[in-house]
Amino acid sequence: MKTSWRTASLAASAAAVLALTTACGQDTPPPASSQNVGATAEAGDYGEIGSGTAGAGAGGQASAAPSDAAGELNVSANAELGKVVTDSLGLTLYRFDKDTAEPPASTCDGDCAETWPPVPADDATAGEGIDESLLGEVTRSDGSKQLTVGGWPAYRYAKDVNAGDAKGQGVGGTWYALTPEGKKAQAADRPGLSTRQDPDLGEIVVDGDGRTVYRFMKDEAWPKPVSACTGACLEKWPAVSPVDFEDTDGIRKKGYMTFTRPDGADQQTIDCWPIYTFAGDKAPGDTNGQGVGGTWYAVRPDGKPVGASGK
């Protein structure tokens with residue numbers, strides 16, 4: 001059965017393990033991975049949780065219910081992400097981390113394919129800036145042919161309405177806009193951790209995708225970091241992976257360190273306090289996690305929680 005983009009549009013509106021070698025309160029942090037904060041939430045809701053980066057809508061209004069055919073593929077310049085692949089209507093194409101490129105395989109079916117409609121391979125052609133040799137196809141579980149770019153199955157996002165939209169970027173930590181080479185588009189020149197001035201909360205910490213960073217008041221920092229967020233909690237509050245201090249901007253160095261969680265993963269701290277993002281933040285700048293349950297608060301550059309009493 002061929003996946004219908006029209007139906008979908010209507011249906012849905014890091015590092016190696018590090019030993020804890022620096023005690024809390026010391027000024028010298030241990031080396032950490034230089035990778036940016038990863039949104040480690042599972043994409044079980046296929047985009048309803050996670051973060052998105054709004055694209056620069058350079059193009060005009062796209063049809064709310066475009067045809068399935070991709071038509072001529074082109075390269076569009078996105079102010080946040082650089083060069084991304086778009087279809088003939090200017091809609092951004094995406095790839096899914098749970099798919100594979102060698103060999104090409106798509107794992108997005110059922111409800112997932114309604115939110116992330118697969119791009120049909122039929123009639124897709126290479127426009128300016130697209131290497132035709134990188135275009136291919138993969139047979140889906142329903143027998144239909146899906147377009148691949150650099151081996152990666154290509155999708156649209158049901159919430160992208162206007163040409164240039166890239167609202168699916170970073171959703172669930174598994175969905176990313178496609179570059180012309182088939183790679184994941186990433187925000188350019190943004191530190192792994194930095195700060196921004198929020199109109200309501202003041203200066204707060206954000207990750208490499210611009211998402212707000214939080215603290216959990218049930219955690220501990222001294223004499224060593226301890227995370228009380230485990231199991232299902234981590235699905236809503238993904239732990240921030242290690243980020244080299246050299247890959248930060250505006251963050252206080254004292255107490256900047258990593259620790260190993262009970263599940264064996266490493267987590268970043270600020271002032272020795274474990275830090276997280278919130279799956280309920282849909283886009284950079286959201287602060288939907290602020291004050292949740294009276295235990296979750298945005299983090300200041302010195303590690304203190306915004307608006308919380310006590311710790």
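- For E128, the CD atom sits in a loose shell: 12 or fewer heavy atoms of surrounding residues, nucleotides or ligands are nearer than 6.0 Å.
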Intermediate values then yes/no, side-chain contact (heavy atoms from CB on, under 4.5 Å), L147 and L93: CA-CA 10 Å; L147 174 70; L93 302 191; 4.3 Å; yes

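- Salt-bridge annotation for D97 and K184: present, with a side-chain N of the basic residue lying under 4.0 Å from a carboxylate O of the acidic one.
- Looking only at distances, a side-chain donor or acceptor of D247 sits under 3.5 Å from a matching main-chain atom of G192.
- V213 and F245 fall within a single hydrophobic cluster, where Ile, Leu, Val, Met, Phe, Trp and Tyr side chains are chained together by heavy-atom contacts under 4.5 Å.
- With values rounded to the nearest 0.5 angstrom, K83 atom NZ is found 8.0 Å from E181 atom CD.
- With hydrogens and angles ignored, the 3.5 Å screen pairs no side-chain donor or acceptor of E220 with any backbone N or O of S227.
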Checking side-chain contact (heavy atoms from CB on, under 4.5 Å) for the pair R156/W116: CA distance, chi angles, key distance, verdict? CA-CA 6 Å; R156 298 182 180 101; W116 301 92; over 6 Å; no

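- Counting only distance, with no hydrogens or angles, the side chain of S194 and the backbone of D249 share no donor-acceptor pair below 3.5 Å.
- Taking the six-membered ring where the residue is Trp, F216 and W296 present parallel rings, their angle staying beneath 30° rather than reaching 60°.
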Candidate pair K145 and T139, rule side-chain contact (heavy atoms from CB on, under 4.5 Å), full reasoning: CA-CA 5 Å; K145 303 293 185 181; T139 302; 2.6 Å; yes

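- In this structure, T92 contributes its side chain and D165 its backbone to a donor-acceptor pair below 3.5 Å.
- You'll find the ring centres of Y214 and W237 inside the 6.0 Å limit.
- Between N288 atom CG and F278 atom CZ the span is 6.5 Å, to the nearest 0.5 Å.
- Side-chain contact check for S141 and D109: at least one donor-acceptor pair (N or O, by modelled atom type) lies under 3.5 Å.
- To the nearest 0.5 Å, atom CD1 of residue I204 and atom CG of residue D198 are 4.5 Å apart.
- At distances below 3.5 Å, not a single donor-acceptor pair connects side-chain atoms of Q169 with backbone N or O atoms of D209.
- Between W222 and W273, the two ring planes are perpendicular [angle over 60°; tilted spans 30° to 60°].
- In terms of modelled atom types and a separation under 3.5 Å, the side chain of D123 and the main chain of G71 share no donor-acceptor contact.
- V119 and Y157 end up in different hydrophobic clusters when Ile, Leu, Val, Met, Phe, Trp and Tyr side chains are linked at under 4.5 Å.
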Go through D200 and T287 one step at a time and tell me if the side-chain contact (heavy atoms from CB on, under 4.5 Å) criterion holds. CA-CA 10 Å; D200 298 318; T287 55; 6.0 Å; no

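- Residue W175 forms a ring pair (Phe, Tyr, Trp, His ring centres under 6.0 Å) with just one option from W152, Y94, Y155, and that option is Y155.
- Remark: the backbone N or O of R300 is not paired with any side-chain donor or acceptor of R215 at under 3.5 angstrom.
- Under the 4.5 Å side-chain heavy-atom criterion for ILVMFWY residues, a single connected hydrophobic cluster contains both Y256 and V240.
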